[in-house]
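Structure first, then comments.
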Amino acid sequence: MSNRQTLGRSARRIREGDAVLMGNYARFPLLLRSGRGATVTDADGRSYLDFTAGVAVNVLGHADARLTKAIADQAGRLIHVSNLYYNEPQIRLAEWLVARSFADRVFFCNSGAEANEAAIKLARKFAKETRGTDCFEIVTALGSFHGRTMATVTATGQEKYRRGFEPLLPGFRYVPYDDIAALAASITPQTAAVMLEPIQGEGGVRIPKPGYLTEVRKLCDRSGALLILDEVQVGMGRTGSLFAYEQWGVVPDIMTLAKGLGGGVPIGAMLAKASVARVFTPGSHASTFGGNPLACAAALAVAGRLTAPFLSRVRKSGKTLVAGLVRLQKTTGQIEAVRGIGLMAAIDLSPAAPTALSIIERAAEKGLLLNRTSERTLRFVPPLIITQAEINRMLKTVSEILEDSQT
Ligand SMILES: Cc1ncc(COP(=O)(O)O)c(C=O)c1O
């Protein structure tokens with residue numbers, strides 16, 4: 001897409017924005033103003049089918065009427081009170097999460113990185129108190145993504161995110177993902193926890209082999225290390241079950257959530273079994289905004305929608321999405337691999353295909369927003385309310401782009 005063509009009347013504001021915003025994002029030159037369902041509209045009045053959903057956040061799409069009303073009602077009643085006191089939406093959301101997961105206790109924060117930061121602190125404190133002061137190491141996977149704070153960027157097993165920020169936090173080890181022998185070899189008496197994404201999202205939707213997570217659980221049980229599952233991207237229905245771990249029958253000790261939890265309102269959560277959570281005592285950890293009534297009311301409105309029929313529709317839509325991508329692979333010959341589970345999918349483009357970036361640019365010209373995890377991998381994480389017709393529209397657009405690139 002030529003910038004001049006796409007920017008239209010937004011161009012001036014984008015330039016003005018660049019003059020005052022930090023340059024830490026490679027932003028696409030689109031100024032988005034409104035949305036409805038799976039469609040967003042820019043400041044020039046052009047509409048786009050949104051297959052990025054704020055990077056796996058807007059599970060109910062944009063401007064969902066019930067979510068909007070829940071936020072407005074709560075804003076009119078009580079936005080924030082701090083954790084000096086209790087508030088009803090926070091208790092109700094914790095009850096909802098505890099009733100539907102392995103966990104007994106919940107800590108609320110504002111983002112995925114903060115939820116993982118809390119998980120790392122809880123695991124270290126638990127290990128030090130129960131296994132000894134030199135037990136603090138956390139093993140994570142290469143290709144993982146856990147956030148951008150100093151602890152979570154250290155936990156992230158991708159050098160590109162850590163470069164320039166050294167010295168990193170001591171006490172982290174990395175192993176290849178989905179390689180149980182490598183993990184077994186890395187666990188020592190100093191290992192406080194193993195921290196993994198059940199499916200690597202930023203790593204390109206990497207789904208482990210059946211049995212991998214079961215073996216990870218066994219290794220943790222044998223060594224006394226805690227199992228932390230980072231469900232920041234895959235939790236809250238994204239994979240077709242409320243939490244991804246349910247699909248493997250593997251129960252973690254700690255789990256983190258964010259992204260879809262508030263349907264777009266910032267909120268994160270760190271959940272744990274009572275036996276582990278007990279080491280967080282008054283003063284151990286805190287967040288000013290964590291679990292405030294506004295964010296929790298939004299999350300409750302999302303939670304109320306993630307019913308069994310809703311999740312069954314996610315699985316059905318996910319099958320349409322993956323089957324369509326596999327069809328594209330056959331018809332275009334420009335896709336090396338297709339991976340997907342629920343409404344989370346990725347394609348690896350063959351060397352002959354255009355780059356992921358050029359496909360994203362062409363898609364935007366055709367009214368479709370796509371996202372990539374690397375030069376050659378496109379990721380599809382639409383709102384969970386995406387329709388079959390919208391999935392087919394996306395597939396048709398990508399097919400046209402790949403076909404055009406061959407002429
Ligand atoms: C698996 C996972 N963990 C953690 C994070 C960090 O979340 P946040 O950007 O909300 O801090 C992300 C963000 O992409 C993620 O995908």
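Both counts, for ligands and for their atoms, begin at 1 and track the order of listing. We count residues from 1, following the sequence as given.
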Distance under 4.0 Å to a non-hydrogen atom of Ser111: what atoms of ligand 1 satisfy this?
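Listed by number with element: 10 (O), 11 (O).
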Could you list the atoms of ligand 1 found under 4.0 angstrom from a heavy atom of Asp230?
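So the answer, numbered in order with elements, is 1 (C), 2 (C), 3 (N), 4 (C).
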At the 4.0 Å heavy-atom cut-off, does Glu231 count as touching ligand 1?
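Per 4.0 Å heavy-atom rule, Glu231 does not contact ligand 1.
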Short N or O distance, [X] and ligand 1, threshold 3.5 Å exclusive:
{"X": "Glu114", "result": "no"}
{"X": "Glu197", "result": "no"}
{"X": "Gly147", "result": "no"}
{"X": "Ala258", "result": "no"}

Is Arg33 positioned over the aromatic face of Tyr48, cation under 6.0 angstrom from the ring centre and no more than 45 degrees off axis?
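Relative to the ring axis of Tyr48, which defines the angle, Arg33 lies outside at least one limit.
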Less than 4.0 Å between atom 7 (O) of ligand 1 and some protein heavy atom, yes or no?
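At least one protein heavy atom is under 4.0 Å away.
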I need the contact type for Asn116 against ligand 1. Using non-hydrogen atoms and a strict under-4.0 Å cut-off, is it side chain, backbone, both or neither?
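For Asn116, the contact with ligand 1 is made by the side chain alone.
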What part of Lys259, side chain, backbone, both or neither, has a heavy atom within less than 4.0 angstrom of ligand 1?
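Under 4.0 Å from ligand 1, Lys259 contributes side-chain atoms alone.
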With no hydrogens and no angle check, is any side-chain donor or acceptor of [X] less than 3.5 Å from a backbone partner on [Y]?
{"X": "Arg105", "Y": "Phe280", "result": "no"}
{"X": "Glu95", "Y": "Ala99", "result": "no"}
{"X": "Thr156", "Y": "Thr152", "result": "yes"}
{"X": "Tyr245", "Y": "Phe102", "result": "yes"}

What is the closest protein heavy atom to [atom], and at what distance does it sit?
{"atom": "atom 2 (C) of ligand 1", "result": "Phe145 O, 3.3 Å"}
{"atom": "atom 11 (O) of ligand 1", "result": "Ala113 N, 2.8 Å"}
{"atom": "atom 16 (O) of ligand 1", "result": "Gln233 NE2, 2.8 Å"}

Could you check whether any side-chain heavy atom of His285 comes within less than 4.5 Å of a side-chain heavy atom of Met270, counting everything from C-beta outward?
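Contact flag for His285/Met270 side chains = no.
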Applying salt bridge (Lys or Arg N to Asp or Glu O under 4.0 Å), run through Arg162 and Glu166 and close with a yes or a no.
CA-CA 7 Å; Arg162 307 196 296 245; Glu166 300 85 356; over 6 Å; no
Is the Tyr161 ring parallel, tilted or perpendicular to the Phe145 ring (thresholds 30°, 60°)?
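Perpendicular: the ring planes of Tyr161 and Phe145 meet at over 60°.
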Pick, from Gly112, Gly203, Cys109, the option with the minimum heavy-atom distance to atom 10 (O) of ligand 1.
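Looking at heavy atoms only, the winner is Gly112.
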Donor on one side chain, acceptor on other, Thr320 and Ser317, under 3.5 Å
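Side-chain D/A pair, Thr320 to Ser317: absent.
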